[in-house]
2 protein chains.
Amino acid sequence: MAKQTILVVDDEKDLLDLIEYNLKKEGFDVLKAENGEEGIKIAKEHNPDLILMDIMMPKMDGLEAVKHIRSDDDLKAIPIIFLTARSDEKTEVEGLDIGGDDYITKPISTTKLISRIKAVMRRFEETTEEVNRLEVHDLVIDKDRYIVIRGDEEFQLPRKEFELLYYLASRKGKVRDRQTLLNKVWGDNIYVVDRTVDVHVRKIREKLGDHYIETVKGVGYRFKE
Amino acid sequence: MAKQTILVVDDEKDLLDLIEYNLKKEGFDVLKAENGEEGIKIAKEHNPDLILMDIMMPKMDGLEAVKHIRSDDDLKAIPIIFLTARSDEKTEVEGLDIGGDDYITKPISTTKLISRIKAVMRRFEETTEEVNRLEVHDLVIDKDRYIVIRGDEEFQLPRKEFELLYYLASRKGKVRDRQTLLNKVWGDNIYVVDRTVDVHVRKIREKLGDHYIETVKGVGYRFKE
DNA sequence: TACAGCCGTTAAGAAATTGTTACGCCCTGT
DNA sequence: ACAGGGCGTAACAATTTCTTAACGGCTGTA
């Protein structure tokens, strides 16, 4: 899965940094804005997958900002989670009414924040109904089911093998060096020896045959075009 | 969309009238009941789209009433919002636990009430519209009766097991990770260890056999295709 | 031929993940 | 109050998957 981007809008810089740190640790890309106006601008430019919005801010407050977002065709579908200083009833409700998808009261527990974010994203994914299904050569690589199909054979690859294959297949023809593969498939802050990739490639070849993943000596691997 | 009907159950007549007035102004049809017992009776007769239920009432209190509603096949799908006099956490939690979908503390702000109602309804619209009877492989999973049938065997699975099976079966072939399963079957803001899913899967397998739910290591579970 | 750089292959041990069982809590109906 | 069922958790066993390290082969170069 491609990295997901979260836009955090809050006027407290410290909090912004703290949230950024935690979200990045969880593997999200993070964008920051310090007020509603800036938030909208950045949202338009980058189309984040989710917005974390403080309600009380100078210049343009969160509620105002969300109204704008919800009336912008390009942005209206983005899920929004509110941050509120106190669980003051009125704000809370107003927020849900204009189209927030959840709200969290400060002070924020990191785990809670993360799990809320993931919950909201999941709720949205089902609605979006993406097709995670690649068809390349004589293979069907179905990520929803985590299986690879060829003719009427069905292969159950282990997770890493599957994801590696999926990544390469989704970029058919493009060479990726081992380090890139590790970053994309294993994750950024993971420490493993890059020869590990070789082993996985070999296992894939063992199961599906040699003719899908090609070696580019001195560079890396690529899915055959 | 047709006018939506809301059943309000509260023993304070004045409040009942006030709420009625406001809901009607918003375009809802309103039914009233003054205690849990009466509430259930009216619910069965009219099948409202949502129930607003006071917790503290004479005769049969709200929690009790909701338990009945949740165990009545015709009524169990109706969203319920609790009204509580105090934001006593325990009652609050208990309420959500037996199947309330939201709760509001008195005194009630009208705007807040309305927007909560709308929010809950929105949430339900997305979820509803399910077929209540699945036929997969040699199984019939009947959600109306909470029963699984194979040939002339009939299995009475406990609630969680049933719902987990139902969820997976209704997405035959698609892998779901534990967290997603928890969110979908247990509910969003429920905190349970994700290994709980394993145990329930095991119990289902114990009763129906191993060949329905497949494990995808490192990912989650899926109903066999 | 000797050497260096790179990749393929293997097998073994480590790590991660799941299966299974048992226990305790809570609620319900008796 | 008590028995029973449903649920969530913890702990340990059983498996599967992942990594590493080591060795051998191939290719191009001096």
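For clarity, every value in this text was computed on a predicted model and none was experimentally measured. The sequence lines fix the lettering, A, B, ..., with proteins before strands; numbering per chain opens at 1. What's counted below: heavy atoms across the whole structure, side chains too, no hydrogens, waters or symmetry copies.
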Measure the distance from CG on Leu165(A) to P on dC18(D) and round it to the nearest whole Å.
13 Å
Check this one for me: any side-chain N or O of Arg178(B) less than 4.0 Å away from OP1 or OP2 of dT17(C)?
no
Does a nitrogen or oxygen in the side chain of Trp186(A) sit under 4.0 Å from OP1 or OP2 of dT19(D)?
yes
Selected nucleotide, minimal atom distance to Arg205(B) side chain, candidates dG19(C), dC7(D), dT19(D)
dG19(C)
Is the phosphate of dG19(C), meaning OP1 or OP2, less than 4.0 Å from a side-chain N or O of Tyr221(B)?
yes
Nucleotide of dC7(C), dT21(C), dT19(D) approaching Arg202(B) most closely (side-chain heavy atoms):
dT21(C)
To the nearest angstrom, the CD-P distance between Gln179(B) and dT18(C) comes to 13 Å
Any ion pair linking Arg171(B) and Asp144(A) (charged N to carboxylate O, less than 4.0 Å)?
no
Closest-nucleotide ordering on DNA chain C, the 5'-leading residue of Gly220(B) and Val199(B):
Gly220(B)
First locate atom CD1 of Ile42(B), then atom CD of Glu37(B), and finally report the distance between them rounded to the nearest 0.5 Å.
11.5 Å
Check for a donor-acceptor pair, side chain of Asp49(B) on one end and backbone N or O of Thr5(B) on the other, with a separation under 3.5 Å.
yes
Euclidean distance, atom CG of residue Asp198(B) to atom P of dC12(D) [Å, nearest integer]:
17 Å
Looking at Lys24(A) and Asp188(A), does any basic side-chain N land under 4.0 Å from a carboxylate oxygen?
no
Counting just side-chain N and O atoms, does Thr215(B) come under 4.0 Å of either OP1 or OP2 of dG19(C)?
yes
Over how many whole Å does the gap from Glu206(A) atom CD to dG8(C) atom P extend?
13 Å
If you apply the rule salt bridge (charged side-chain N to carboxylate O under 4.0 Å, His left out), what do you find for Lys172(B) with Glu225(B), and how did you get there?
CA-CA 6 Å; Lys172(B) 191 164 63 158; Glu225(B) 200 149 32; 5.9 Å; no
Quickly work out the Ile204(A) CD1 to dT9(C) P distance and round it to whole Å.
13 Å
For Arg195(B) and dA10(D), what is the distance between atoms CZ and C1' respectively, to the nearest whole Å?
10 Å
note: Leu164(B), atom CG; dG8(D), atom C1'; distance rounded to Å ~ 14 Å
Between Thr196(A) and dC18(D), does any side-chain N or O lie under 4.0 Å from OP1 or OP2?
no
Give Lys217(B) one of three labels, base, sugar-phosphate or nothing, depending on what nucleic acid heavy atoms sit under 4.0 Å from its own.
base
Could you state the CG-C1' distance from Asp194(A) to dG5(C), rounded to the nearest angstrom?
14 Å
Closest-nucleotide 5' rank along DNA chain D - winner of Leu157(B) and Lys160(A):
Leu157(B)
Would you classify Val201(A) as touching base, sugar-phosphate or nothing, given that sugar-phosphate means primed atoms plus P, OP1 and OP2, and contacts are heavy atoms under 4.0 Å?
nothing
